[in-house]
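The structure appears below as C-alpha cells.
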Number of protein chains: 2
Amino acid sequence: MTRLEDIARETGFSIKTVSRAIHNHPDIKRETKELIMEVVRKRGFTPNWAAQSLRNQKTNTIGYIIPNITNGFFGEIGIAIDAFFRAKGYSTLICFTSDSRENEIESIRSLLAKNIDGIILAPIGNQGEYIDQIPNLDDTPLVLIDNRLSGPARNYVLQDNEGNSRRLAEHILGHGHTQIGFITGPLEESSSRERLNGFRDALEEARLSFDESLVRSVDWEIHSGYEATKDLLDQKGSSRPTAIIYGNTQLLLGGYKALREKGLSIPGDIAVASFEHPDIIDALSPCPTTLEKVEARIGQAAAEMLLSIIESKEKMPPREVYIPSQLVIGESCGCSGRR
Amino acid sequence: MTRLEDIARETGFSIKTVSRAIHNHPDIKRETKELIMEVVRKRGFTPNWAAQSLRNQKTNTIGYIIPNITNGFFGEIGIAIDAFFRAKGYSTLICFTSDSRENEIESIRSLLAKNIDGIILAPIGNQGEYIDQIPNLDDTPLVLIDNRLSGPARNYVLQDNEGNSRRLAEHILGHGHTQIGFITGPLEESSSRERLNGFRDALEEARLSFDESLVRSVDWEIHSGYEATKDLLDQKGSSRPTAIIYGNTQLLLGGYKALREKGLSIPGDIAVASFEHPDIIDALSPCPTTLEKVEARIGQAAAEMLLSIIESKEKMPPREVYIPSQLVIGESCGCSGRR
DNA sequence: TTGAAAGCGCTAACAT
DNA sequence: ATGTTAGCGCTTTCAA
C-alpha cells in the first residue's frame with residue numbers, strides 16, 4: 001500500500017506538505033504541489049480510508065439497507081441515491097437483509113461500527129419499536145423509505161399511495177366498470193393498506209359500494225398474483241369483476257398469466273391496471289396502464305433529506321415527504337393506446 | 001460513539017481486558033468476561049471498524065463490483081457471495097458501475113483505499129489491459145466473473161457457455177427443427193460469442209449448415225429481442241425459422257411479445273428456448289424451456305476462490321472455474337410440459 | 001511556505 | 001490474569 005510517507009520520501013517534502021497538496025490547501029507553492037501531484041498520480045495514491053475516517057470522525061459514506069437486492073424497485077432507488085451522494089463526494093454502502101429483521105438489525109449495527117455518516121433504510125414489517133432500541137442509532141441521521149412503521153415520528157420518504165390508488169381507480173371507473181377487483185399485498189404493510197384505502201375512497205366517491213369479496217390480500221409474489229386472479233374469477237355467488245387493479249408488478253405479471261390461460265382478452269373481456277412501472281413493461285402485451293416511475297424521485301428525495309440532516313448541526317424535527325405519481329395510460333384499461 | 005475505554009471505565013477494568021473479553025481471548029477470568037460482556041451488550045458496543053482495520057491491516061471486508069444493480073442475475077450472485085462471506089465473518093461492499101469503464105476503475109480505486117481484503121468483479125466489455133494498469137491492484141486478490149477479458153491469465157468463474165448452448169441446440173434439434181434462429185448479445189462479449197460457437201457446433205454435429213441469416217446479435221435489452229424477433233420472421237428470401245433460441249431473459253421476453261403480437265403460438269407455430277432461468281419465468285405462458293439457475297453456484301464458486309486466495313500466504317497461479325448447467329424442460333420447445 | 005508532534009480507537013508485545 | 005505502551009496512516013494545531 002502506498003502511504004503519504006512514501007510520497008513524502010520520494011518527493012523530498014514532508015508528510016504534511018503532501019497532505020496539503022492532495023487537499024488543495026492554499027498554503028502551498030504551486031510548483032511544489034504540481035511536483036507532488038505528479039508522483040501521487042504515478043503511484044496511484046489514495047488516502048487510506050480507515051486512517052482518514054478515524055482521524056476525521058467522518059467517513060463520507062452512507063449506508064443503504066434494503067430487504068432484497070433483486071427487487072428492481074429498490075435497485076433503482078439505490079442508483080439515484082448513489083448518484084446523488086457520489087456527486088457530493090460520498091460513497092454508498094448497500095446492505096440487504098433478505099427480509100429478515102435479524103439481518104436488518106445486524107446491518108444497522110455493522111454500519112454504525114463503520115461510523116457511516118447516515119443511513120437510508122427500507123424497513124420490513126410494520127413494527128418500529130425495535131429501531132428505537134438499537135444502541136447509538138439516535139446519533140446517526142436516518143431516513144426511512146417506502147414503508148411506515150409504528151412508533152414515534154421519523155424521517156420518511158413515502159409514496160402517495162392513497163392518491164395513486166384513487167387515480168388508478170377513478171380511471172377504471174371512468175371506463176364504466178362497477179365490479180372492480182383489487183389484488184394487493186399484506187394489509188399490515190402501510191403501502192398495501194393505504195392503496196386499499198384509496199381504492200375504497202374512489203368507490204365511495206363514485207357512490208359504489210365496496211365489495212370485500214372482490215379484494216385479495218396476498219404476498220407480493222408473482223404466483224400469488226396468479227392464484228389470486230384465478231380465485232377471483234372462479235368464485236361463486238358473486239358476479240365476476242370486469243376489471244382488476246394490481247398492487248405491484250409481480251402481482252400484475254401473475255395476473256396476466258392467469259388471464260391469458262383463461263382465454264380472457266385484455267381489455268376486451270377484462271380491464272387491467274397496476275401500480276408501479278417496471279422496465280419489464282416492454283415485454284407485456286397489451287401494454288398495461290400503470291403509474292409513472294417514482295424510483296429516481298424517491299431516491300433523490302431521500303438522499304437530499306439525509307444530506308441536509310448530516311450537514312445541519314442541530315437536531316431537526318422529523319420530516320415526511322410524499323412522492324405522488326401520475327397515471328401512464330396503456331392499452332390494458334380500454335383506452336386506445338399510448339406512445 | 002461507545003469506545004473500548006467507556007466500557008473499561010464503567011467496569012473498572014483496563015482497555016485491554018475489555019478487548020480480551022470481546023475477542024474471546026483465553027487469558028481472562030470467566031466472571032470478568034461475563035461482567036464485561038454484560039456492559040458491552042447493554043451499551044451496544046461494536047469495535048470501531050476504522051480503528052480495527054487500521055491496526056490490523058485487515059478489514060474483513062470484500063468488494064463486489066457489478067455493472068448494474070437492477071440486473072437480477074448479478075443480484076442473485078451477490079446474495080450468494082454475501083451469504084458465504086457473512087458466515088466467515090466478512091462484510092460485502094457492493095459497487096455498481098452503470099456500465100461505465102470510468103466508474104468501474106473509480107470503484108476499484110475506492111475499494112483499494114478502503115483496504116478491502118479482496119474483490120469480485122463482473123467486468124464490462126472485453127478489453128482487460130486497463131486492469132493491469134490500476135496501481136496497487138496486484139496486491140489485492142481479484143476474481144472475475146461471467147465475462148472473460150483480453151490480456152494475461154486471471155482468476156475467473158465463468159459459465160460453460162459453449163456446453164450450455166450445445167445442450168439447448170441439441171434439444172431443439174431433437175424436436176426435428178432444421179431452421180433455428182439464434183438471437184444473442186454483442187459478439188465482442190465472450191459470453192455471447194461462446195454461446196454462438198456452441199450453437200454452431202451443435203449444428204455441425206447434426207450435419208446441418210450454419211445459416212448466418214438466422215442469427216441476430218443485438219444488445220441484451222427487451223426491446224432488442226422484440227425487434228430482432230420481428231426482423232427474423234419478416235425477412236425475405238430465406239425460409240422462416242421454426243424455432244428460436246434466445247441468449248438471455250430480456251431477449252426472450254421481447255421475443256415472447258413479438259411472437260404473441262404476430263399471432264404465432266408457442267410451440268405450435270414456433271418452438272422457443274432460452275439461456276438463463278429468471279424468477280419471472282412464472283409469469284410466462286407457455287413456460288419457457290431454459291437452463292438451470294446458476295447464480296448461486298457462480299457466487300459460491302467465486303466466493304470460495306476469493307477466500308482461498310485471501311487466506312493463502314503465497315501467490316497462487318490464476319485459476320478458472322466453469323459452471324455448467326442442465327436443461328430445464330418447459331412447454332415452449334414442444335415437449336409436453338414439466339412439473 | 002513548510003515541518004514536528006499529538007492523537008483518533010484499537011490490538012499485540014511486553015510487562016507485572 | 002491483568003495493565004502499559006507503542007504504533008497503524010492520517011490531519012490538525014502550533015512552531016519555524
Side-chain angles (χ1 to χ4, degrees), chain A residues 1-37 39-40 43-61 89 109-110 112-117 135-136 139, chain B residues 1-37 39-40 43-61 89 109-110 112-117 135-136 139:
Chain A
M1 187 212 304
T2 314
R3 295 160 309 149
L4 224 43
E5 198 188 325
D6 302 323
I7 310 286
R9 186 152 356 144
E10 189 162 339
T11 56
F13 291 93
S14 74
I15 308 182
K16 181 53 202 169
T17 306
V18 176
S19 173
R20 270 194 270 261
I22 287 168
H23 294 288
N24 286 312
H25 194 92
D27 285 356
I28 186 171
K29 208 160 44 176
R30 171 189 276 266
E31 338 163 5
T32 309
K33 180 169 152 186
E34 276 165 12
L35 202 79
I36 291 173
M37 287 313 284
V39 179
V40 165
R43 289 264 164 278
F45 171 77
T46 318
N48 182 295
W49 187 83
Q52 233 174 3
S53 60
L54 184 58
R55 174 65 234 226
N56 294 345
Q57 299 293 62
K58 173 99 170 71
T59 53
N60 278 291
T61 302
R109 292 181 59 125
S110 104
L112 291 179
K114 291 198 172 69
N115 268 345
I116 42 89
D117 300 328
N136 306 318
D139 309 330
Chain B
M1 188 211 305
T2 315
R3 296 160 309 148
L4 223 44
E5 199 187 324
D6 301 323
I7 310 286
R9 188 155 355 151
E10 189 162 341
T11 57
F13 291 95
S14 75
I15 309 182
K16 183 55 201 168
T17 305
V18 176
S19 174
R20 271 193 270 260
I22 287 167
H23 293 288
N24 285 313
H25 194 92
D27 283 356
I28 184 170
K29 207 161 46 176
R30 171 189 277 266
E31 339 163 7
T32 308
K33 180 170 152 185
E34 276 166 10
L35 202 78
I36 291 174
M37 288 311 285
V39 179
V40 164
R43 290 265 164 276
F45 171 78
T46 317
N48 182 296
W49 186 84
Q52 236 175 0
S53 60
L54 184 58
R55 172 67 232 223
N56 293 345
Q57 299 294 61
K58 175 102 169 73
T59 54
N60 277 289
T61 302
R109 292 180 59 124
S110 104
L112 291 179
K114 290 198 173 68
N115 269 344
I116 43 87
D117 300 328
N136 306 318
D139 309 329

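Computed from a prediction, not measured in an experiment: that's the story for all the values here. So you know, we letter chains A, B, ... as the sequences are listed, proteins then strands, and number each from 1.
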Steps toward side chain to side chain contact (heavy atoms under 4.5 Å, CB included) verdict (A:Ile7, A:Ile36): CA-CA 7 Å; A:Ile7 310 286; A:Ile36 291 173; 4.2 Å; yes
Go through the structure and list residues passing side chain to side chain contact (heavy atoms under 4.5 Å, CB included) with B:Arg3, not counting sequence neighbours. B:Met1, B:Glu5, B:Asp6, B:Arg9
Just checking A:Thr32: base, sugar-phosphate only, or nothing, at a heavy-atom cut-off of under 4.0 Å? sugar-phosphate
Shortest non-hydrogen contact from A:Thr46 toward B:Ala113: CG2-CB, 3.6 Å
Show your reasoning for whether side chain to side chain contact (heavy atoms under 4.5 Å, CB included) applies to A:Phe45 and A:Val39. CA-CA 8 Å; A:Phe45 171 77; A:Val39 179; over 6 Å; no
Just the endpoints, please: which first and last nucleotides of DNA chain D, 5' to 3', lie under 4.0 Å from a heavy atom of chain B? D:dA1 to D:dG9
Nucleotide-resolved protein contact map, nucleotides 9-16 of chain C, B/S/- at heavy-atom distance under 4.0 Å: BBBB----
Just do the side chain to side chain contact (heavy atoms under 4.5 Å, CB included) check on A:Asn136 and B:Arg43 with the steps written out, would you? CA-CA 8 Å; A:Asn136 306 318; B:Arg43 290 265 164 276; over 6 Å; no
Only counting residues at least two apart or in another chain, list the ones meeting side chain to side chain contact (heavy atoms under 4.5 Å, CB included) with B:Lys58. B:Asn56, B:Asn60, B:Tyr90, B:Asp117, B:Ile310
Between the axis at one end of the helix from C:dT1-D:dA16 to C:dT16-D:dA1 and the axis at the other (five pairs apiece), what's the angle to 10 degrees? 40°
Taking the side chain as everything from C-beta on, heavy atoms only, tell me whether A:Asn48 gets closer than 4.5 Å to B:Asn115. yes
Spacing of OG1 belonging to B:Thr11 relative to NZ belonging to B:Lys33, to within rounding of 0.5 Å: 14.5 Å
For B:Ser53, what residues pass the side chain to side chain contact (heavy atoms under 4.5 Å, CB included) criterion, not counting sequence neighbours? A:Ala50, B:Trp49, B:Thr59
Please indicate whether A:Glu34 has more than 12 foreign heavy atoms, meaning atoms of other residues, nucleotides or ligands, lying under 6.0 Å from its CD. yes
